[in-house]
Amino acid sequence: MKKVNLVWLRNDLRIDDNSALYHAAQDKNCAVFALYFVCQKQWQEHWVGSNQQALIFAALSELKQQLRKLNIPLLILDAGHFSQVPELMQQVVTQLKVDDCYFNREILLNERERDKQVYNRLKDQVKFHSYNDQTLISPHKIVTKEQQGYKVFSDFARAVKSYLADYPLQNFSSPKAKEKSNFNFFDFTQLAEQQFVIDKASIIKKEHTVFSAPSLPEINEKKIHQQLERFCKSALSDYAEQRDYPAISGTSALSAALAVGSLSIKRCYTLAKQSVNERQSQTWINELIWRDFYRSVAWHFPHVVKGHAFNPVDKQLTWSNNTEHFAAWKNAQTGIPIIDAAITQLRQTGWMHNRLRMIVASYLTKNLWIDWREGERFFAEHLFDYDFASNNGGWQWCASVGTDAAPYFRVFNPASQQQKFDPDTSFIKQWLPALKAQPAKNIHKFETLSLPNYPSPQVNLKATRQQAIEAFKQAKG
DNA sequence: AGACCATTACA
DNA sequence: GTAATGGTC
């Protein structure tokens with residue numbers, strides 16, 4: 001009887017540089033199966049929107065084909081909710097006579113709880129092998145002298161770099177194809193395998209807006225790697241100069257692939273290092289480390305995963321519940337061109353340039369004084385690249401309630417931001433047809449702009465900025 | 001990962 | 001008038 005290895009896939013829908021898959025497939029004489037649980041109820045609880053859900057289904061469909069070429073069957077089971085996973089896992093393990101189970105560790109609480117349940121239920125039946133694969137370095141390995149999680153990014157980044165200098169990253173190539181016989185080794189019909197049809201119409205619920213459903217980002221691993229190589233070769237050295245201009249394609253645009261795990265973060269790091277010199281790769285590498293940083297924060301300070309801000313000052317703040325203000329922000333009707341253009345980009349493409357994420361977040365929290373959790377949720381529902389730790393960390397940063405957050409008095413002025421980062425207004429005009437005919441000069445002076453088909457600003461920027469700073473001062477006592 | 005205001009130093 | 005500089009929020 002052949003040994004049977006099971007790879008339990010979760011947030012790592014890829015073949016390249018997948019630690020668990022690589023190790024599971026090492027032994028020549030074993031049969032290897034891959035498994036994925038669809039948990040749409042759980043996703044809804046996690047605010048995962050229809051965009052990212054559709055992307056996950058696309059990634060699964062793609063991965064199933066690729067794994068088939070390696071003679072590794074991918075079982076996709078509908079679990080509905082994490083709570084159903086242990087029972088289903090038990091069935092799979094029994095049915096397939098699994099000896100060893102391989103998986104890459106996750107960082108957030110619900111995921112870890114699910115994994116603990118599975119382990120406790122099956123530890124006597126199956127040998128488990130787990131790997132760190134989601135971050136450059138396991139969160140528990142980067143700690144301060146006091147054995148605590150870092151609260152300041154620059155210190156964290158220094159620690160990461162020095163760790164990587166001592167222990168270089170290991171990348172794992174795609175596993176070699178297994179024997180064909182694996183496919184008819186077991187009787188799959190006994191398992192209620194559910195084939196998921198990638199039917200966007202059934203997944204994407206049309207919203208009552210003027211925005212249409214965006215098309216899916218690239219999810220084929222080969223093409224993603226080409227994209228990464230192209231970026232490293234031709235854009236990485238200019239990244240520091242170009243990344244802040246939304247009209248320029250100066251960023252890698254790989255975030256969606258990273259979010260569902262079609263691309264390995266370790267692969268990004270290694271390739272960036274190889275492609276250009278230290279100075280040229282530094283800025284982008286730091287962005288990769290920000291991703292590790294917010295995962296580290298979520299690991300060491302888990303109250304941020306439960307809806308709380310890192311900084312207790314958040315509890316002293318009373319946010320506005322002005323639903324008209326919030327609705328205008330969500331529908332690109334604020335009357336501030338850079339913000340309405342950014343929201344339109346998000347709604348039409350499922351992606352928003354990072355500079356714009358900061359601008360719209362600052363405006364929502366500081367000028368409209370709306371709870372950052374509302375913005376966090378809106379982003380979750382629309383972004384293909386939605387990632388709890390990065391999104392949560394970013395919103396807390398903008399709202400000045402996070403670790404190493406923007407000081408509370410640092411309020412972005414949307415007027416100077418668009419002046420600086422979209423001087424010729426080409427980005428704004430790309431997304432706001434109503435302003436197409438206006439000269440840039442007028443668009444930058446939007447507070448005095450009066451047009452029949454474009455709204456006037458909702459609030460006074462200067463006054464609301466002042467109020468936000470005052471409210472923080474009061475809250476801090 | 002900022003902005004504002006006052007003060008200079010110049011046209 | 002207006003661009004650069006520095007302290008303050």
Item to complete: Looking at every strand, decide which applies to A:Lys366 at a 4.0 Å heavy-atom threshold: base, sugar-phosphate, or nothing.
Response: nothing
Sorted by number, residues from residues 461-477 of chain A placing a heavy atom under 4.0 Å from DNA chain C are A:Ile469, A:Lys473
Are a donor atom and an acceptor atom from the side chains of A:Arg14 and A:Gln66 found within less than 3.5 Å of each other? no
Residues in residues 349-363 of chain A with a heavy atom under 4.0 Å of DNA chain C, by number, are none
Exercise for review: State yes or no: are the ring centers of A:Phe103 and A:His129 separated by less than 6.0 Å?
Suggested key: no
Ignoring hydrogens and geometry, is there a side-chain-to-backbone donor-acceptor pair from A:Arg267 to A:Asp16 under 3.5 Å? no
Between A:Tyr36 and A:Trp8, is the gap from one ring center to the other below 6.0 Å?
-> no
Within residues 236-251 of chain A, the residues having a heavy atom closer than 4.0 Å to DNA chain C are none
For A:Phe326, does the six-membered ring have the charged nitrogen or CZ of A:Lys330 within the cation-pi criterion, i.e. under 6.0 angstrom from the centroid and within 45° of the normal? yes
A:Phe231 ring center near A:Trp284 ring center (under 6.0 Å): yes
Inset, instruction - Check the side chains of A:Asn110 and A:His46 for a donor-acceptor pair under 3.5 angstrom, ignoring hydrogens and angles. - result: yes
With no hydrogens and no angle check, do the side chains of A:Glu62 and A:Asn220 hold a donor and an acceptor under 3.5 Å apart?
yes
In A:Trp372, A:Tyr386, A:Phe379, the residue satisfying ring-ring contact (aromatic ring centres under 6.0 Å, His included) with A:Trp395 is A:Phe379
Taken to the nearest whole Å, CG/A:Asn367 to P/B:dA3 is 11 Å
Review point. Using the benzene-type ring in the case of Trp, are the ring centres of A:His23 and A:Tyr131 under 6.0 Å apart?
Key: yes
**Study point:** Distance test, side-chain N/O of A:Asn413 to OP1/OP2 of B:dG2, below 4.0 Å
**Key:** no
Rounded to whole Å, CZ of A:Phe412 lies from P of B:dC4 at a distance of 12 Å
